[in-house]
Amino acid sequence: MDLKLMIWLVVGATFALYIGIAIWARAGSTGEFYVAGKGVNPVANGMATAADWMSAASFISMAGLIAFLGYSGSVYLMGWTGGYVLMALLLAPYLRKFGKFTVPQFVGDRFYSNTARIVAVICLLVISITYVIGQMRGVGIAFSRFLEVDLLWGLIAGMTVVFIYAVLGGMKGITYTQIAQYVVMIFAYTVPAVFISLQLTGHFLPQTGLGGTLSGQDGVYLLTALDNVLVDLGFTQYTTSEAFSTLNMFLLTMALMIGTAGLPHVIIRFFTVPRVRDARKSAGWALVFIAILYTTAPAVGAMAMYNIINTLHPGGVGNTAEAMVYDERPDWMRTWEDTGLMEFQQQGEGERVHYYNPANPPAWADDVEGQGYRLERFDRDILVLANPEIAGLPNWVIALVAAGGIAAALSTAAGLLLAISSAISHDLLKGVFMPNISEKRELLAGRLAMVGAILLAGYLGLNPPGFAAEVVALAFGLAASSLFPVLMLGIFYKRMNKQGAITGMLVGLFATLTYIFLFKGFLFLPGTALLPDNPDGWIFGISPQGFGTIGAILNVTAAVIVSKLTAPPPKEIQDLVESVRVPRADAASS
């Protein structure tokens with residue numbers, strides 16, 4: 001069957017499934033809209049949480065980062081998975097036991113202050129909008145490949161689909177849609193990885209194939225071969241590449257870890273289960289479902305990079321006479337060129353494509369300088385979607401990956417939009433400004449807030465401040481510096497009062513946001529950055545993605561100092577904290 005028709009059929013079938021579920025599970029009350037009526041099974045909730053958390057950054061972008069960063073890309077694996085364990089152990093059970101719909105509700109009640117609630121809403125909106133920019137970029141890339149159109153039209157198509165099922169279904173619809181999306185996503189990620197691992201190494205499991213030897217090359221390990229070809233192209237070794245300094249490795253890993261534990265759109269998932277013990281079970285199941293993809297990603301990145309280099313240099317690196325002929329390039333390259341995410345530049349006479357590191361050209365590069373074509377751009381975010389085509393896999397596998405990429409981006413985008421919606425309609429309108437608003441009008445306000453967020457994120461998704469995973473890392477840094485400290489202190493430090501909480505959130509948020517804007521542009525608008533976004537321009541060598549750790553330290557320091565200098569919280573609040581933190585015999589039924 002023709003590839004384009006196959007993609008239309010597979011992706012169309014998944015869309016019909018998602019929208020059908022949204023209509024079937026349409027929210028009729030605020031409880032169903034925000035937390036699915038607190039009636040979701042822990043295994044199902046674990047699967048939905050995994051889909052919510054494994055966004056376009058995980059499915060589309062992470063393997064691309066690992067492929068191009070090599071060893072240094074492991075910080076994303078360590079940070080995101082380690083952070084999930086922190087969330088499962090230190091936050092999820094206690095917040096579920098507290099029993100509120102949202103993070104700002106917890107902050108407002110724990111710190112007995114509407115001002116604290118409003119500041120928490122501001123933090124949540126900044127985090128979620130930054131995060132959803134990365135998701136909308138992923139949505140746009142996936143749809144541009146699926147429809148074979150420019151990124152702009154792919155983004156518009158994706159925004160339309162998100163609007164239909166997120167605005168209609170609320171948390172109840174999103175939860176069951178995300179379960180379906182997880183199944184699609186994990187099959188789409190692992191099936192091509194298994195095929196490619198068998199092709200290259202003969203190993204069925206990609207996880208073992210990564211450390212295996214190449215088929216037909218006795219004793220030559222995949223990673224050794226990859227190291228050798230990259231060095232021959234003028235790049236650093238794949239297994240020892242150091243894209244970050246030791247300081248930035250630590251700061252970025254920590255920011256991703258504690259940022260993960262402070263993500264409002266994931267935390268809200270633990271309010272959808274009936275009991276506290278179910279929140280713990282959900283966290284455990286989600287970690288199992290997440291591990292399937294995260295242990296496969298390093299293999300996907302390495303194998304894809306090896307296949308790309310062999311496509312460009314089929315006669316071997318340095319054999320310029322047998323380099324790929326531009327007019328004979330594979331169809332997948334032509335398709336991605338049409339989207340604008342892959343570009344070749346003609347250097348002079350000649351028909352062959354020459355790929356090497358211009359900053360450190362190998363000896364053979366002198367023979368081809370100014371000749372033929374050069375690979376000018378290969379967007380890291382297209383690697384996973386292009387991976388089955390690069391390896392020459394069957395059309396149905398290519399179509400499955402297209403559906404999986406769309407599912408990954410849509411699942412997290414929907415969760416983020418719900419977090420934005422609930423923050424505005426439930427926490428601000430209902431909780432502060434219009435306490436007597438009817439359920440019907442509150443739901444309408446929530447859906448209108450979603451529409452506004454979709455439009456804003458779509459606009460910024462056209463000119464994001466980095467690749468999908470890099471943009472998401474910025475959101476994690478903002479969560480690390482603003483919400484994570486106040487949640488931890490709110491649970492484990494009875495002396496923390498409203499003045500300390502408010503001061504800490506504001507200090508952490510504005511310090512981190514200011515630092516990010518210096519290098520990424522004010523409000524992420526192109527051309528407004530004040531300092532160059534590179535290691536030489538960073539203050540003390542700290543990257544914008546890693547500054548969230550510094551912001552968290554500033555948050556905690558300011559919060560504790562101000563709390564010590566002001567009156568302690570009322571006794572009933574301290575007793576409430578004690579009751580949330582200390583296990584009770586009836587905890588399972590609360």
Side-chain angles (χ1 to χ4, degrees), residues 34-35 38 86-124 258 261-264 266-268 270-271 273 275-280 283 422-423 426-428 430-432 435 479-509 551-590:
Y34 296 130
V35 291
K38 296 186 180 179
L86 276 181
M87 178 193 288
L89 295 177
L90 297 180
L91 290 181
Y94 303 108
L95 292 175
R96 174 62 187 85
K97 191 173 178 183
F98 198 85
K100 297 298 180 181
F101 276 1
T102 65
V103 171
Q105 258 193 313
F106 168 82
V107 172
D109 289 3
R110 162 61 180 88
F111 297 107
Y112 50 97
S113 167
N114 275 338
T115 303
R117 183 197 290 251
I118 292 170
V119 173
V121 169
I122 293 170
C123 294
L124 184 149
I258 62 177
L263 286 178
V266 178
I267 288 173
I268 198 174
F270 296 106
F271 297 119
V273 292
R275 296 166 293 188
V276 175
R277 69 181 182 187
D278 291 333
R280 292 188 178 93
S422 61
H426 191 71
D427 294 309
L428 283 186
K430 179 77 172 178
V432 180
S481 64
S482 58
L483 289 184
F484 176 77
V486 77
L487 292 172
M488 287 296 295
L489 292 171
I491 292 169
F492 295 103
Y493 185 40
K494 290 192 296 183
R495 182 65 175 74
M496 179 57 57
N497 61 16
K498 63 181 179 183
Q499 293 90 341
I502 293 167
T503 304
M505 284 189 288
L506 291 175
V507 168
L509 177 68
I553 294 171
L554 295 174
N555 183 329
V556 172
T557 303
V560 172
I561 290 174
V562 170
S563 290
K564 292 285 189 182
L565 296 176
T566 51
K571 186 177 184 305
E572 61 269 20
I573 296 296
Q574 297 190 46
D575 291 341
L576 175 64
V577 174
E578 193 72 30
S579 70
V580 168
R581 189 157 40 90
V582 178
R584 297 195 313 266
D586 63 343
S589 59
S590 61

Does the pair Ile491 and Phe106 meet the rule for a side-chain contact (heavy atoms from CB on, under 4.5 Å), with working shown? CA-CA 10 Å; Ile491 292 169; Phe106 168 82; 4.0 Å; yes
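- Side-chain contact check for Leu483 versus Cys123: some heavy-atom pair is nearer than 4.5 Å.
- The CG atom of Leu554 sits 12.0 Å away from the CG atom of Leu509 when rounded to the nearest 0.5 Å.
- Contact of the Leu489 side chain with the Phe484 side chain is not registered, since no non-hydrogen atoms from C-beta on lie closer than 4.5 Å.
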Could you pull out every donor-acceptor pair under 3.5 Å between side chains of residues 500-507 and any protein atom, sequence neighbours left out?
residue, atom, partner, partner atom, Å
Thr503, OG1, Gln499, O, 2.8

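- Scanning both residues, Thr566 and Val562, for their nearest heavy atoms gives OG1-O, 2.7 Å.
- Residues Pro568 and Gln574 have side chains in contact (heavy-atom distance under 4.5 Å, counting atoms from C-beta outward).
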For residues 114-121, run the donor-acceptor check on the side chains, cut-off 3.5 Å, and write out each pair with its distance to 0.1 Å, sequence neighbours left out.
none

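- At least one side-chain heavy atom of Pro570 sits under 4.5 Å from a side-chain heavy atom of Tyr112.
- Contact check for Tyr493 versus Val577: no side-chain heavy atoms found under the 4.5 Å cut-off.
- The heavy-atom pair separating Pro485 from Ala479 by the smallest distance is CD-O, 4.4 Å.
- Ser563 and Asn497 are linked by a side-chain donor-acceptor pair at a separation below 3.5 angstrom, with hydrogens and angles left out of the test.
- For the pair Arg110/Leu576, no side-chain contact is recorded, criterion being any heavy-atom separation below 4.5 Å from C-beta on.
- By the 4.5 Å heavy-atom criterion applied to side chains, Leu124 and Pro104 are counted as neighbours.
- Nearest heavy-atom pair across Gly508 and Asn555 is CA-CB, 4.1 Å.
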